[in-house]
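As a basis for the values below, the full set of heavy atoms in this structure was taken, side chains included, without hydrogen atoms, waters or symmetry mates.
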Amino acid sequence: MKYVLVYWSRYGHNKKLVDSLDGMLKKNGGETQIFTIEQANPASLPTADVYIFSAAAEKFTLQQNMRTFMKNISGMDGKKYGIMNTHAMKKNRLAKMENLLSKKNMVKLAEVDFQVGKDISSGNAFIGNWEAKLEEFAKKL
């Protein structure tokens, strides 16, 4: 399976998730490509079997740069995706991500959210067993 992982990360949480997921997918024989939203072109993403998008919630919504990126995705009818969201609140923004991608006629395979707590700027503020949650997410892809 070929995977394209696209993420946005301010403090490093989403980068950590994508890097960890990359290792899990490769361990299971997957071929991966990782891009920040600044590196990827939403109008011409590389060909893959599954696309994974990861971003944070900010200011009570999905982070602006990822929102804009998802709004500009094109040519993805019927393509499969997974979404990951980090947030410091008890409310994730997965529904916002799903709404944006469903407008592109993409098909969701899996979603997962990760709450972060104190010391958020360290990139190590995950609450709970985030690695187990990520492994379950990877199995659904």
Side-chain angles (χ1 to χ4, degrees), residues 1-76 78-141:
M1 295 275 289
K2 290 185 180 181
Y3 301 91
V4 168
L5 296 85
V6 180
Y7 74 96
W8 181 90
S9 189
R10 179 179 313 275
Y11 297 115
H13 293 95
N14 286 281
K15 179 177 181 359
K16 188 173 190 172
L17 290 173
V18 166
D19 288 345
S20 295
L21 181 61
D22 176 58
M24 291 174 191
L25 296 172
K26 285 180 176 174
K27 182 180 173 184
N28 292 325
E31 183 181 320
T32 63
Q33 289 180 281
I34 300 175
F35 301 94
T36 65
I37 57 171
E38 293 83 14
Q39 296 168 325
N41 180 344
S44 63
L45 288 170
T47 301
D49 298 303
V50 179
Y51 297 84
I52 296 129
F53 302 95
S54 182
E58 288 190 339
K59 300 179 183 176
F60 304 103
T61 190
L62 179 63
Q63 196 281 330
Q64 175 64 44
N65 296 347
M66 182 57 89
R67 249 188 1 252
T68 300
F69 184 89
M70 289 179 156
K71 287 178 182 177
N72 291 319
I73 289 174
S74 62
M76 300 296 278
K79 299 291 184 178
K80 297 174 184 171
Y81 73 89
I83 48 178
M84 300 189 295
N85 181 236
T86 59
H87 55 91
M89 305 154 277
K90 295 208 183 220
K91 185 169 182 183
N92 65 54
R93 298 299 177 240
L94 292 167
K96 180 70 173 177
M97 297 173 88
E98 183 176 357
N99 182 46
L100 290 167
L101 295 173
S102 68
K103 289 179 182 177
K104 305 301 177 178
N105 297 315
M106 295 183 76
V107 178
K108 183 177 77 169
L109 294 178
E111 68 180 31
V112 64
D113 73 295
F114 299 90
Q115 190 172 1
V116 294
K118 294 180 181 181
D119 198 23
I120 193 167
S121 62
S122 73
N124 292 307
F126 290 112
I127 295 174
N129 191 349
W130 67 272
E131 290 157 322
K133 282 178 79 171
L134 189 61
E135 285 177 13
E136 286 303 311
F137 175 76
K139 289 176 187 175
K140 295 175 184 176
L141 301 173

Side-chain contact test, heavy atoms from C-beta onward, threshold under 4.5 Å: evaluate it for Leu62 versus Leu100 and give yes or no. yes
Verify, without hydrogens or angle tests, whether His13 (side chain) and Ala125 (backbone) share a donor-acceptor contact under 3.5 angstrom. yes
Considering only heavy atoms from C-beta outward, does the side chain of Phe114 approach that of Lys16 to under 4.5 Å? no
Report the residue from Ile52, Leu101, Val6, Val107 that forms a side-chain contact (heavy atoms from CB on, under 4.5 Å) with Tyr81. Leu101
Rounded to the nearest 0.5 Å, what's the gap from CZ on Arg93 to OG1 on Thr86? Could you check? 11.5 Å
Do the non-hydrogen side-chain atoms of Thr47 and Lys2 ever get within less than 4.5 Å of each other? no
Closest non-hydrogen atoms of Ser74 and Ala43, given as atom of the first, atom of the second and distance, are OG-CA, 3.4 Å
Can you list everything that forms a side-chain hydrogen bond (donor to acceptor under 3.5 Å, both in side chains) with Thr32? Sequence neighbours excluded, please. Asp22
What one should report as the nearest heavy-atom pair of Thr68 and Gln64 is OG1-NE2, 2.8 Å
Mind checking whether Met1 and Leu25 have side chains closer than 4.5 Å, heavy atoms only? no
Nearest heavy-atom contact between Asn14 and Ala55 is OD1-N, 3.3 Å
Check against side-chain contact (heavy atoms from CB on, under 4.5 Å), Ile73 and Phe53: CA-CA 12 Å; Ile73 289 174; Phe53 302 95; 3.8 Å; yes
In terms of heavy-atom contacts, Ala40 and Phe35 come closest through CB-CB, 3.8 Å
Would a distance-only check, ignoring hydrogens and angles, find a side-chain to backbone donor-acceptor pair under 3.5 Å from Ser20 to Leu17? no
Who passes ring-ring contact (aromatic ring centres under 6.0 Å, His included) against Trp130, sequence neighbours left out? Phe126
Nearest-0.5 Å distance that lies between atom CD1 in Ile83 and atom OG in Ser54: 10.0 Å
Below 4.5 Å, heavy atoms only, C-beta onward: do Gln115 and His87 meet side chain to side chain? yes
Please check if atom NZ in Lys15 has more than 12 non-hydrogen atoms from other residues, nucleotides or ligands closer than 6.0 Å. no
Quiz: residues 132-141 side-chain donor-acceptor pairs under 3.5 angstrom, not counting sequence neighbours:
unit_1, atom_1, unit_2, atom_2, d
Lys133, NZ, Asp113, O, 2.4
Glu136, OE2, Lys139, NZ, 3.2

Rounded to the nearest 0.5 Å, what separation is found between the CG atom of Asp19 and the CG atom of Leu5? 9.0 Å
Taken to the nearest 0.5 Å, the spacing of Gln33 CD from Gln39 CD works out to 11.0 Å
Looking at CG of Asn72 and CG of Asn41, how far apart are the two atoms once the value is rounded to the nearest 0.5 Å? 9.0 Å
Do Met97 and Glu111 have side chains that approach each other closer than 4.5 Å (heavy atoms only, starting at C-beta)? no
Of all heavy-atom pairs between Val4 and Pro46, which one has the smallest distance, and what is that distance? CG2-O, 3.9 Å
Determine the minimum heavy-atom distance between Lys80 and Met106, stating which atoms define it. O-CE, 4.3 Å
Nearest 0.5 Å please: distance from the CD1 atom of Ile37 over to the OG atom of Ser9. 10.5 Å
Short question: side chain of Tyr3, backbone of Ile34 - any donor-acceptor pair under 3.5 Å? no
Derivation of the side-chain contact (heavy atoms from CB on, under 4.5 Å) call for Asn129 and Glu131: CA-CA 6 Å; Asn129 191 349; Glu131 290 157 322; 4.0 Å; yes
Between Leu45 and Lys79, is there a side-chain heavy-atom distance shorter than 4.5 Å? no
Find out whether Trp8 and Phe69 are in side-chain contact, i.e. whether some heavy atom of one side chain is under 4.5 Å from a heavy atom of the other. no
